[in-house]
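This report concerns only the one structure given below.
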Amino acid sequence: MSGSLNEIKKKIKATKNTRKITKAMQLVAASKMRKFQKKAISSRGFAWELLNILKRGFDENTDLSLCEQREDGKTVFVLYTSDKGLCGALNSRLIKGLFQSELWLNTPAEDRILVTIGKKSMDYAKYNQIPVDKSFNGVNEDMSSLEALDLIDAILEYWDKKKVKQIVMAAPHYKNSLVFYPVVKTFLPFGLEMIDEHLNAEAMAEGLDSVTEEGVEEDFEPPMLYEPSEAEFQEQLVLQIVHALFVQSFLELKAAEYSSRMIAMQNATDAAGDIIHRLTLQFNKARQAAITQEIAELVSGSMA
């Protein structure tokens with residue numbers, strides 16, 4: 001009986017140590033979540049303001065290189081996941097969101113170019129024998145704007161070489177610490193349809209109709225002065241918006257990752273507490289049975 005008690009004691013001690021670890025990870029994730037939450041919401045507001053500005057005076061017939069509508073070429077699929085696990089169903093939902101999307105399924109295998117960002121997406125593609133053209137692992141969380149541009153330019157290089165007709169990315173749309181939506185959004189070619197897709201990402205993820213911006217008149221064209229020229233202004237603005245949208249997706253992924261990790265660690269901490277409670281009850285019952293048996297043996301011995 002003493003051996004059984006010692007075994008239960010060891011289990012209780014091990015579970016308490018695990019609970020301390022998960023509690024610490026929960027607090028760290030909560031701290032980082034708040035930081036990336038602010039950055040993600042701020043970057044989204046910045047990118048959406050630029051999109052709204054460009055949308056009001058945007059011409060679909062423009063000859064900007066990033067707006068070129070191409071009939072031939074492959075499609076670049078960018079799959080963005082985290083490098084680490086222990087973040088609930090975040091990575092699996094993002095992977096499922098891309099590989100079960102209509103665009104992926106309707107695109108012939110020979111016309112797909114897969115680019116992975118994050119170790120989990122690379123591991124999934126390698127395990128399922130899905131060809132990966134480029135992969136980026138170990139992306140620094142505190143990367144500077146220049147480091148972000150290096151990664152973005154490596155993806156935009158496909159478009160500059162005129163080998164592809166479309167670039168899309170599977171990334172989370174962060175709503176709050178409990179909710180995010182895996183969405184597949186178009187990044188290039190740039191156009192009104194692409195702008196609406198980003199501005200209504202949440203409505204599309206929930207299966208709702210597009211939500212028009214309140215207070216914006218369709219035919220309203222504010223007077224603008226362009227220097228040096230409207231074409232050069234739009235070219236640079238479109239490029240800046242594409243960069244901003246990529247950075248926004250990165251920040252939203254980190255916000256969703258730490259939110260999911262915080263919730264997962266909270267659930268693990270609660271589960272460890274339940275296990276400790278059950279083991280404590282089991283230990284008390286075993287100890288009570290051992291004490292009762294010892295008393296019975298003493299009484300039997302004294303009577304003998």
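For the numbers below, each heavy atom of this structure counts, side chains included, while hydrogens, waters and symmetry mates do not. Counting begins at 1 with the first residue of the sequence.
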Original post:
Quick one: which of Asn267, Thr269, Asn17 gives a side chain to side chain donor-acceptor pair (under 3.5 Å) with Thr22?
Top reply: Thr269
Should we say atom [atom1] of [X] is surrounded by more than 12 heavy atoms from elsewhere, each under 6.0 Å from it?
X      : atom1 : value
Lys35  : NZ    : yes
Glu110 : CD    : yes
Asn106 : CG    : yes
Lys119 : NZ    : no

Okay, side chain of [X], backbone of [Y]: is any donor-acceptor separation there less than 3.5 Å?
X      : Y      : result
Arg93  : Pro182 : no
Ser31  : Leu27  : no
Arg261 : Gly85  : yes

Can you find a pair of side-chain heavy atoms, one from [X] and one from [Y], that are under 4.5 Å apart?
X      : Y      : answer
Val247 : Ile152 : yes
Phe190 : Leu51  : yes
Pro189 : Glu68  : no
Gln248 : Trp48  : yes
Leu156 : Phe246 : yes
Ile155 : Phe187 : no
Pro172 : Leu94  : yes
Arg70  : Trp159 : yes

Spacing of [X] atom [atom1] and [Y] atom [atom2] [to the nearest 0.5 Å]:
X      : Y      : atom1 : atom2 : answer
Gln240 : Leu245 : CD    : CG    : 11.5 Å
Thr280 : Lys11  : OG1   : NZ    : 13.0 Å
Leu90  : Leu253 : CG    : CG    : 6.0 Å
Ile113 : Thr107 : CD1   : OG1   : 11.5 Å
Ile275 : Lys16  : CD1   : NZ    : 13.5 Å
Ile130 : Met122 : CD1   : CE    : 11.0 Å

ILVMFWY cluster, [X] and [Y] together (side-chain gap under 4.5 Å):
X      : Y      : value
Val179 : Leu251 : yes
Leu279 : Ile21  : no
Leu86  : Met262 : no
Tyr258 : Ile41  : no
Met25  : Ile276 : no

**OP:** Look at the rings of Phe77 and Trp104 and say which category their plane angle falls in: under 30° parallel, 30 to 60° tilted, over 60° perpendicular.
**Re:** perpendicular
What closest approach, in Å, do [X] and [Y] show between heavy atoms, and which atom pair accounts for it?
X      : Y      : result
Gly88  : Ala264 : N-CB, 3.9 Å
Pro131 : Gln129 : CD-O, 3.7 Å
Phe99  : Leu105 : O-CD2, 3.6 Å
Phe46  : Ala244 : CE2-CB, 4.1 Å
Ser101 : Gly97  : CB-O, 3.3 Å

**OP:** Please lay out, stage by stage, how Ile117 and Leu151 fare under the test side-chain contact (heavy atoms from CB on, under 4.5 Å).
**Re:** CA-CA 10 Å; Ile117 304 177; Leu151 191 150; 3.8 Å; yes
Subject >> Derivation and outcome, side-chain contact (heavy atoms from CB on, under 4.5 Å), residues Thr75 and Lys165 >> reply: CA-CA 6 Å; Thr75 300; Lys165 64 179 181 180; 4.0 Å; yes
Subject >> Test log, rule side-chain hydrogen bond (donor to acceptor under 3.5 Å, both in side chains), inputs Asn91 and Tyr124 >> reply: CA-CA 10 Å; Asn91 294 319; Tyr124 179 88; over 6 Å; no
**OP:** Determine whether the aromatic ring centres of Phe36 and Tyr174 lie less than 6.0 Å apart.
**Re:** no
Original post:
Step by step, would you call His243 with Asp153 a side-chain contact (heavy atoms from CB on, under 4.5 Å)?
Top reply: CA-CA 9 Å; His243 286 168; Asp153 289 340; 3.6 Å; yes
Original post:
Does Glu7 come within less than 4.0 Å of Lys10, counting only side-chain N to carboxylate O?
Top reply: no
**OP:** Look at Lys120 together with Glu257 and state whether they make a salt bridge at an N to O cut-off of under 4.0 Å.
**Re:** no
Subject >> Ile8: which of Lys285, Gln282, Arg287 passes side chain to side chain contact (heavy atoms under 4.5 Å, CB included) >> reply: Gln282
